[in-house]
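Some notes on the structure that comes next.
When reading the values below, keep in mind they use all heavy atoms of this one structure, side chains included, and skip hydrogens, waters and symmetry mates. It should be emphasised that the depicted structure is a prediction, and the values quoted were computed from it without experimental measurement. One is the number of the first residue; the rest follow in order along the sequence.
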Amino acid sequence: MLLEHDVCRKAVKLRYLLLFSLLVGYAPLALAQHDPLSGADRFPQFRNLSGLAGGGFGVDEQGFQSLSGPTAYSTPNAHVLGRGQLRIGGAKTSLGSRPEISNGKTNGTFMDMVGFTFGRVNLAWSELILSGYADKTYQLQASYIPDSNARWVGSIGVQDWAGNGGSAGNGIPGDSRTSMSIFGVAT
């Protein structure tokens with residue numbers, strides 16, 4: 001019985017030693033990554049603001065900017081900016097575990113959006129500046145303005161309609177893929 005207990009204790013210690021060795025061995029690899037968001041087909045430039053409806057600000061179902069409307073960052077919502085309103089914004093994501101603002105330690109985007117209303121349709125156009133190189137994408141999104149008692153709002157749009165965004169981020173050789181995306185969304 002005592003021998004079995006010692007064997008079990010040694011097995012548990014060996015497991016902990018193995019786990020500790022793996023963690024210590026892989027830690028330098030994780031810390032060596034410059035931008036964990038970049039790489040083929042990861043679309044890092046759309047991880048902050050998407051340049052789409054509600055991207056960092058609320059919009060109500062009528063198309064007005066609103067503190068009570070749905071808000072998103074990298075995904076669209078169906079409430080599209082309209083009514084001749086303009087929105088300008090930016091965002092940065094720290095590449096480490098601490099807050100950062102310097103360009104070498106962040107992934108950032110800047111966007112401007114203008115929304116128009118044509119009868120019962122809101123139409124928003126936006127420009128998303130992806131990096132310090134001023135590479136841009138353009139977005140277009142439209143929604144039908146619902147009746148006041150409607151529970152759902154739907155919209156359609158296209159992100160990066162010119163296909164300029166790439167899929168891997170800035171400075172990645174061989175990134176010839178497009179980030180153009182046609183979508184539909186309901187909120």
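The stretch residues 76-88 participates, sequence neighbours left out, in these side-chain hydrogen bond (donor to acceptor under 3.5 Å, both in side chains) pairs: Gln62-Arg83, Gln65-Gln85, Gln65-Arg87.
More than 12 heavy atoms of other shown residues, nucleotides or ligands fall within 6.0 angstrom of atom CG in Leu86.
Shown here are the ring-ring contact (aromatic ring centres under 6.0 Å, His included) partners of Phe116, two or more places apart in sequence or in another chain: there are none. For Lys92, the salt bridge (charged side-chain N to carboxylate O under 4.0 Å, His left out) criterion is met by no residue, not counting sequence neighbours. For Glu100, the salt bridge (charged side-chain N to carboxylate O under 4.0 Å, His left out) criterion is met by no residue, not counting sequence neighbours.
Side-chain contact check for Ser181 and Gln159: no donor-acceptor pair (N or O, by modelled atom type) lies under 3.5 Å.
Cluster membership check: Ile88 shares its hydrophobic cluster with Trp125, using side-chain heavy-atom separations under 4.5 Å among Ile, Leu, Val, Met, Phe, Trp and Tyr.
Proximity of a side-chain donor or acceptor of Thr71 to a complementary backbone N or O of Gly54 within less than 3.5 Å is not detected. Of the possible donor and acceptor atoms, one in the side chain of Thr187 sits under 3.5 Å from a partner among the backbone N and O of Ala78.
Scanning all heavy atoms of the two residues, the minimum distance from Ser66 to Asp60 falls at CB-N, 3.9 Å. When every heavy atom of Val80 is checked against every heavy atom of Ala124, the shortest pair comes out as CG1-CB, 3.5 Å.
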Could you pull out all donor-acceptor pairs under 3.5 Å where a side-chain atom in residues 145-155 meets a protein atom, sequence neighbours excluded?
unit_1	atom_1	unit_2	atom_2	d
Asp147	OD1	Arg120	NH2	3.2
Ser155	OG	Gln141	NE2	2.8

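Taking the six-membered ring for Trp and thresholds of 30 and 60 degrees, Tyr138 and Trp161 have ring planes inclined between 30 and 60 degrees apart.
Side-chain heavy-atom separations under 4.5 angstrom define the hydrophobic clusters, and the remaining members of the one that includes Tyr144 are Val121.
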